Structures are given as C-alpha cells and as structure tokens.
Amino acid sequence: MTKEPTPRPERLEIDEQPFLDATAEAKSKYGRFNLAIIGSSGVGKSSLVNAVFGRDWAKVGKGLPVTRGVQYFNDDSLGIWDVEGFEIGSQTPPAEQLRAHLDTISASPQTQQVSVVWYCVKANDDRLTPADIAMIRELDAQGLPVVLVLTKVDWIKNPITGQHGVAKGVEKFVEWLNEPVDPQTDLPIDIPYRSVILTSTQDKHGKGKGHGLGELVAETLALSPDNEKDAFRIAQRLNLPWKRELARPIIAAATTAAAGAAAVPVPIADAAILAPIQLGMMARIATIYDLEIKTMMSAGALAQVGAQLAGRALASSMLKLIPGAGSVMNAGVAGALTAATGEGWMRLCEQIHTGKVDVEKVSNSWSDFVPGFLDVVRKMAEQKLAKA
Ligand SMILES: Nc1nc2c(ncn2[C@@H]2O[C@H](COP(=O)(O)OP(=O)(O)OP(=O)(O)O)[C@@H](O)[C@H]2O)c(=O)[nH]1
Ligand SMILES: [Mg+2]
C-alpha cells in the first residue's frame, strides 16, 4: 500500500525585509525638519509644539540641554530648538546673547540646522521690546525666515454674528506690527519678520482646540526651503490632505509596479510576487504618517498582513468576484489589488495617526479598512460586464 504524500501546509513565507528597507529609504529621503522656537519662559512654546506636531515633549522633558538657554528635542522627522528669549537684567546685549545661541546651533550636525523660526510673543504684551526687535534682526541677518507668533490670543465670540474676534488691544498691536513705527519718533521702522500669526492652543479655561494653528502651519510650509517642505508635511500633524498628497503618488507607483509584475499572468499560487511591492508601498505610507513599524505591530504580525494582502486567500477570494477571471493573477487584478491595498492602508495610517485607532487592535481593525478594495473589484467587474 502506497502512502499519500503529506500535503505541504498552505503557508506563505513573506519576508518583511522590503518593508524595513523601504522605511529606511523613505526616512532618509524625507529627512528631518528643524524649527527654532524663541520666546520668554511661559509664552506657550511647548504648547505650540504639542498642538502642531503632536509631540508631548514638554511633559516628558527629554530635551537635550545643549547650553544654557538652548534645548534640542528630536525624533526622526522633527527637531525643535527651544531657545529662551531675552533675560531681563542680563548683562549681555540681546543680539549678542542670541548670536551665541545661533552659534551653538550652527556648530551642530547638518541634520539639525534650522529651516524656519517661530518668534513667540504673548499677544497681550501689546508691544515688541527693543530686545525682541534686535533678536529678530539678528535672525534675519543670519538668513533665517522668522514668523512672528502672537501666543495666548483670547478669541472672543461675537454673540450676534458668532464670529471670533480679538480684544481691541491685540488688534492695535497687530496694526502696529503690520506697519511698525518707532514709539519715540513715530517714524516707520523695519522689523524683518515675514508674517504675523495670531494663535492660541487653548482658551483661558484650558479647553478647546486652539486658533490660528492652520495658518501657522501654512505659513511655515511656505517659508520652508523647497527640499524641506516634505519633511515639514510629515512632521506636522494638523494637515492631513498634505499627507494624502504625498501618499497618492506612492500608491500609483506601486500599482504600476504590481501590474508590471503580473504582466505575464501568474497562477494565484504565486501571487506572493506582489508582497514586496505592497510591503514597500505600506512602509513609505507609514513613514508619511510618521508611524514606526515598531509601534504599529510586530514584524511578524506585519508579515502576516502582507500575506493576507498579497496572498492566495485574498487574491482567490477577490477573483471569485471577477467574472471569468479564473485562477490567474493578471496585470489588471494585481494593479487593482495594490491600489485598493494602498488606499486602505493610507486610511488606516491616518486613523492611527489621529489617534482614532487603538494600536493594539490594528490587525483586527484592518478588515474595516479594506472594503475599499471590494468596491474596486466590483467596479472592475461591472466594467467587464459592460464591455462584454
Ligand atoms: N490661555 C492660554 N494658555 C496657554 C496657551 N498656551 C499655553 N498656555 C499655558 O501657558 C503655560 C505655559 O505654556 P508652555 O507651553 O509651557 O510655555 P513655554 O513657553 O514652553 O514655557 P517654558 O518652557 O517655561 O519656557 C501653561 O500653563 C499653558 O497651559 C494659550 O493659547 N492660551
Ligand atoms: Mg517649554
């Protein structure tokens, strides 16, 4: 009696290396965005960083005190130089004090060099001091674009129109800032900030989402050098459409690559050829949402997701929906599968990024984000029927 050979277990071995490689490549491509924030103690510098970049560095306090008055905080995509404003009673003139801080920054590695400066002043200070003006001039002289950020603006809601406005004093301050004159001589003076943005990160009861932050990120992006704009888009957390704009071309490229890989139709059993393409795409998208593979899931769990996406089970169940597709993976199916995967993954990353998904439950919630691909398949099926 001959013994039947034991069937090989239906397991796809998916290598997560393409994900790791693509992550490293994307990180080095985008680099780090460095911002300097200057302002007196308590003006709200840390609160701004938390609101715009979603990093709670103020609380964890893992800043590196570089020298007195200068701290550097960083992760992969963002570096913050936290620089104290002019100390009242200091013997050193303001411009000189700042120059010493800027020298400290210049002496640091290339990856830590500043792109844009937020010079922060409390809105209800009602004026810029001579020290502020000297410091802003020093920054400009060093070629750094300065945004003058008025912090802790009290926004008052007009009970009739429902519109938000600011107190008269702040309005006057802004008028002066738009056309500054010397208080003694009344002659116009030049203070080289590029723009004035009114902000708050909370209302006076410590609540609310803040104001002016969208304007602040738009202005910061505009002032960033072209080769650092993507780094800023990635580092910030307020504007999701910017991230989608970065993710969509990546999905398109992977879709083309997947269609190419299946240009000669392959049996579904070999559908794993798509895994490296899809894992690379997923890694690049995760980078745009500033998500670490480590915080998302273990490498093993990720490989499993990859297997589910590109693997036999998924591909064959999809193929059932396509009339007459049979048991092969062709260019159209591979492309559609990859496009849908990319779109679903982008949405999942977006949800995690905005804190709407529990990281622990990522593998479970994935299926909630895939319906998109069923739509694509249905559309393909409909087109096919229409042509027939
Ligand atoms: N009302 C109001 N309070 C704010 C706002 N932003 C920050 N605060 C409060 O102001 C205090 C100081 O804010 P921080 O963000 O720590 O200020 P900082 O400039 O980083 O201060 P230092 O690190 O000490 O130099 C905190 O108690 C904040 O809660 C705001 O927009 N409105
Ligand atoms: Mg602080």
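Read the numbers this way: they start at 1 and go in the same order the structure lists the ligands and their atoms. Model, not experiment: these values are computed from the prediction. Both backbone and side-chain heavy atoms feed into the values below; hydrogens, waters and symmetry mates do not.
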Point to revise | Proximal ligand 1 atoms for Ser41, defined as those under 4.0 Å from one of its heavy atoms | key: 22 (P), 24 (O), 25 (O)
Check your understanding: Is any side-chain N of the basic residue among Arg32 and Glu228 closer than 4.0 Å to the acidic one's carboxylate O?
Key -> no
Review point. Does Lys152 pair with Asp125 as a salt bridge, N-O distance under 4.0 Å?
Key: no
Check your understanding: Any idea which atoms of ligand 1 are less than 4.0 Å away from a heavy-atom of Ser200?
Key -> 31 (O)
Review point. Is there an N/O/S atom in Ser47 that lies less than 2.8 Å from the Mg ion (ligand 2)?
Key: no
Check your understanding: What atoms of ligand 1 come within less than 4.0 Å of a heavy atom belonging to Thr201?
Key -> 5 (C), 6 (N), 7 (C), 30 (C), 31 (O)
Review point. So Trp118 and Phe53, would you call those rings parallel, tilted or perpendicular, with 30° and 60° as cut-offs?
Key: parallel
**Study point:** side chain to side chain donor-acceptor pair (under 3.5 Å): pairs with one or both residues in residues 177-198, sequence neighbours excluded
**Key:** Ser195-Glu219
Review point. Is the shortest N/O to N/O distance between Gly42 and ligand 1 below 3.5 Å?
Key: yes
Study note, to complete from the structure: One should read off an interatomic distance between Asp230 CG and Leu221 CG, to the nearest 0.5 angstrom, of 9.0 Å
Exercise for review: State yes or no: do Val43 and Ile191 share one hydrophobic cluster built from I, L, V, M, F, W and Y residues joined by side-chain heavy-atom distances below 4.5 Å, directly or via other members?
Suggested key: no
Check your understanding: Got an N/O contact under 3.5 Å between Asp82 and ligand 1?
Key -> no
Point to revise | Lys168/Glu171 ion pair, N-O < 4.0 Å | key: yes
Exercise for review: Output the list of atoms in ligand 1 that are nearer than 4.0 Å to some heavy atom of Ser47, sorted by atom number.
Suggested key: 6 (N), 7 (C), 13 (O), 14 (P), 15 (O), 28 (C)
Check your understanding: Short N/O distance, under 3.5 Å, between Gln202 and ligand 1?
Key -> yes
Review point. Do any nitrogen or oxygen atoms of Ser46 come within less than 3.5 Å of a nitrogen or oxygen of ligand 1?
Key: yes
Review point. Would you say Thr151 contacts ligand 1, with heavy atoms under 4.0 Å as the rule?
Key: no
